[in-house]
Amino acid sequence: MSNVHALVVYGLGGAVGPVQKLLEERRLSVHLSSSWEEAEQAYSFLLNEIKYIFVDVTMCHGAGWERFVYRSRIGGSSTILVTFQPEFPQTLQHLLGCQVEASVRENVEELSVSPIIAEGAKFREVLDLASRYAKHDVTVLVTGETGTGKEVVARYIGDQSPRKDGPFVACNVNAIPDTLVESELFGHVKGAFTGADRNKKGLIESAEGGTLFLDEIGDLSLPIQLKLLRFLESREYFKIGDSSAKTADVRIVAATNRNLEQAIANHSFRKDLYYRLNSARIILPPLHERKEDVLPLVEHFIRRASGPNAKAKKLSSSVKALVLDYPWPGNVRELKNVVESALMVCDEQYLTVADLPMHLQKYAAGHSMEIGAQAIRTIEQAEREVVEEAIRKADNNKVKAAELLGISPRTLYRKLAKFAAAAEQSYSHQELSKMAV
């Protein structure tokens with residue numbers, strides 16, 4: 001076996017055998033864990049030896065996952081984290097290539113830069129504001145419902161800022177036990193408390209010269225809020241057990257899904273910290289207000305889950321109508337999980353409603369009229385796009401465009417008239433709505 005160790009975290013019932021064989025063929029020493037408790041034990045025991053962590057995508061949720069990601073980022077900065085789907089081992093095989101050393105680092109860097117989907121105006125406005133804040137070294141507060149992409153926006157700020165070459169350290173404070181939050185944020189010295197058998201670098205020190213993302217900041221205890229406020233105002237902090245102040249050049253991006261104004265009224269969040277954070281604030285819209293982004297997001301998740309060599313599956317018109325009509329209370333995170341779940345059970349080229357999780361199938365059954373009307377609009381939109389593309393290819397020559405479409409010029413003109421009438425009707429409805437307001 002090699003001295004290069006790899007930890008594989010897999011879900012029970014997952015076909016981990018092919019993955020283990022693939023890694024061992026690359027001369028890696030493989031350690032298997034079927035739970036986050038086992039993974040934490042293995043990681044702690046082999047902290048300085050594990051170079052690669054491969055995680056089954058079905059395990060990438062919940063407090064255990066978030067806590068482990070946090071520990072792997074802080075505990076071993078050289079550790080490479082890769083997620084995989086047991087059903088598609090060929091994707092991991094493509095990623096690894098022939099030599100782990102030569103290909104994993106390069107490809108993981110490419111995978112970590114996930115494109116931001118912003119077809120609609122609302123999220124483009126968010127990115128524009130984030131770009132403006134990124135140029136100035138200010139603390140930023142990102143708020144929005146769970147699953148709206150707060151960490152995605154935080155990373156975007158880091159990538160757009162002068163600190164882009166520095167570290168980006170992310171932490172969900174809910175994933176850390178209350179008794180350890182201060183130590184994890186600020187660090188401690190050896191002997192500071194029982195079990196502190198060595199000096200520990202905190203998150204702030206780890207993010208020196210870069211960006212520290214603190215998710216769920218609204219859940220910090222009041223004493224920790226005060227210590228964070230002091231750091232934001234002076235850039236000084238104290239490690240637990242150390243009497244000398246440390247300084248750090250770190251930009252803080254904080255996020256929460258809580259109503260901080262209500263938390264202030266309930267005396268669970270400091271007003272002075274809120275004012276310190278709220279000077280540069282980004283409010284993320286829920287997914288049901290970003291309808292233009294839903295289908296592009298679905299296509300993105302399908303491509304990412306299918307792998308580079310697989311033929312990406314398509315959506316049936318009923319599924320398109322359903323995902324556009326459904327309110328997505330879990331936002332982008334829920335959409336991603338639904339797509340990945342559907343791909344696991346779909347055996348055909350098109351995803352159908354029967355491939356979707358049960359809660360979506362029940363929603364479809366209870367909203368059949370709305371989804372049916374949406375399906376008709378989806379089909380009409382697709383038809384209009386095909387016609388417009390043919391006209392563009394024909395340089396606006398309608399006769400030639402009809403030939404490309406395989407229809408008569410008369411039929412083409414009839415379709416164009418129908419599209420024009422529909423556009424006029426839509427415009428009239430919009431004008432009436434404005435007058436009513």
Side-chain angles (χ1 to χ4, degrees), residues 60-70 73 122-123 125-127 129-130 133 138-158 168-186 202-204 207 211-233 237 250-290 327-337:
C60 298
H61 61 85
W65 156 249
E66 293 177 350
R67 183 171 57 248
F68 187 82
V69 169
Y70 155 71
R73 284 171 173 166
K122 283 207 169 186
F123 211 73
E125 291 173 1
V126 165
L127 296 182
L129 185 58
Y133 286 155
V138 296
T139 302
V140 180
L141 175 64
V142 185
T143 60
E145 295 177 6
T146 297
T148 49
K150 293 185 284 291
E151 183 170 348
V152 171
V153 172
R155 289 184 179 276
Y156 180 80
I157 292 171
F168 181 93
V169 178
C171 171
N172 184 327
V173 299
N174 269 341
I176 309 172
D178 292 341
T179 56
L180 297 179
V181 171
E182 183 178 358
S183 172
E184 298 297 337
L185 279 178
F186 303 105
L203 289 168
I204 288 175
T211 302
L212 173 59
F213 173 59
L214 297 177
D215 198 5
E216 305 302 347
I217 195 172
D219 295 325
L220 283 176
S221 67
L222 289 171
I224 301 300
Q225 290 178 33
L226 177 58
K227 292 178 185 293
L228 180 60
L229 175 63
R230 287 174 177 168
F231 172 72
L232 291 174
E233 291 178 338
Y237 66 98
V250 175
R251 189 223 196 111
I252 302 289
V253 178
T256 183
N257 61 3
R258 290 187 65 190
N259 184 327
L260 294 185
E261 293 85 353
Q262 185 62 48
I264 292 171
N266 295 336
H267 307 291
S268 61
F269 199 82
R270 294 182 63 94
K271 185 184 295 185
D272 45 6
L273 178 58
Y274 172 75
Y275 290 140
R276 187 68 176 77
L277 294 170
N278 199 46
S279 59
R281 183 173 181 176
I282 298 174
I283 303 174
L284 300 190
L287 185 56
H288 68 79
E289 295 181 6
R290 299 172 53 193
W328 298 109
N331 295 292
V332 179
R333 183 180 293 122
E334 181 186 7
L335 178 63
K336 176 177 179 291
N337 291 339

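Heavy atoms only: backbone and side chains are in, while hydrogens, waters and symmetry mates are out. Residues take their numbers from the sequence shown, with the count starting at 1.
Under the 3.5 Å distance criterion, the side-chain polar atoms of Glu216 are left unmatched by any main-chain donor or acceptor of Asn172. For the pair Thr148 (side chain) and Glu145 (backbone), a donor-acceptor distance under 3.5 Å is present. Side-chain atoms of Asn331 come within 3.5 Å of backbone atoms of Leu287 as a donor-acceptor pair (strictly under, hydrogens ignored).
Listed by chain and number, the residues in a salt bridge (charged side-chain N to carboxylate O under 4.0 Å, His left out) with Arg251 amount to none (sequence neighbours excluded). Listed by chain and residue number, Arg258, Ala263, Asn266 satisfy the side-chain contact (heavy atoms from CB on, under 4.5 Å) test with Ser268 (two or more places apart in sequence, or in another chain). For Asn174, the side chain to side chain donor-acceptor pair (under 3.5 Å) criterion is met by Asp219, not counting sequence neighbours. Partners of Arg333 by side-chain contact (heavy atoms from CB on, under 4.5 Å), not counting sequence neighbours, listed by chain and number: Thr146, Asn337. Partners of Pro223 by side-chain contact (heavy atoms from CB on, under 4.5 Å), not counting sequence neighbours, listed by chain and number: Ser221. Under the rule for a salt bridge (charged side-chain N to carboxylate O under 4.0 Å, His left out), the partners of Lys122 that lie at least two apart in sequence or sit in another chain are Glu289. For Ala207, the side-chain contact (heavy atoms from CB on, under 4.5 Å) partners at least two apart in sequence or on another chain are Val169, Leu212, Val250. Here Glu125 pairs with nothing under the salt bridge (charged side-chain N to carboxylate O under 4.0 Å, His left out) rule; sequence neighbours left out. Under the rule for a salt bridge (charged side-chain N to carboxylate O under 4.0 Å, His left out), Glu334 has no partner lying at least two apart in sequence or in another chain. Taking the side chain to side chain donor-acceptor pair (under 3.5 Å) definition, one finds that Arg270 meets it with Asp272, sequence neighbours left out. Residues satisfying the side chain to side chain donor-acceptor pair (under 3.5 Å) criterion with Thr143, sequence neighbours excluded, are Arg281.
Going from atom CZ of Arg276 over to atom OG1 of Thr139 covers 5.0 Å, rounded to the nearest 0.5 Å. For the atom pair CD1 (Ile224) and CG (Leu229), the distance works out to 12.5 Å, reported to the nearest 0.5 Å. Once rounded to the nearest 0.5 Å, the distance linking CG of Leu284 with CZ of Arg290 reads 8.0 Å. Rounded to the nearest 0.5 Å, atoms CD (Glu233) and CG (Leu273) are 9.0 Å apart. Atom CD1 of Ile252 sits about 11.0 Å away from atom CZ of Phe213, to the nearest 0.5 Å.
Using bins of under 30°, 30° to 60° and over 60° for the plane-to-plane angle, the ring pair Phe231/Tyr237 lands in the perpendicular bin.
Residues Ile217 and Leu228 meet the side-chain proximity criterion, which asks for heavy atoms closer than 4.5 Å. Looking only at side-chain heavy atoms (C-beta outward), Asp215 and Glu151 stay at 4.5 Å or farther from each other. No side-chain heavy atom of Val138 sits less than 4.5 Å from a side-chain heavy atom of Ser279. Counting only heavy atoms from C-beta outward, the side chains of Phe123 and Pro285 approach each other to under 4.5 Å. In this structure the side chain of Ile157 reaches within 4.5 angstrom of the side chain of Val153, judged on heavy atoms. At least one side-chain heavy atom of Leu277 sits less than 4.5 Å from a side-chain heavy atom of Phe269. Between Leu185 and Leu214 the shortest side-chain heavy-atom distance falls below 4.5 Å. Side-chain contact between Leu141 and Leu260 is present, with at least one heavy-atom pair separated by less than 4.5 Å.
Across all their heavy atoms, Ala175 and Pro177 have their closest contact at O-CD, 4.0 Å. Of all the heavy atoms in Ala154 and Phe168, the pair that sits closest is O-CE1, 3.5 Å.
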Q | Derivation and outcome, side chain to side chain contact (heavy atoms under 4.5 Å, CB included), residues Leu222 and His267 | A | CA-CA 9 Å; Leu222 289 171; His267 307 291; 6.0 Å; no

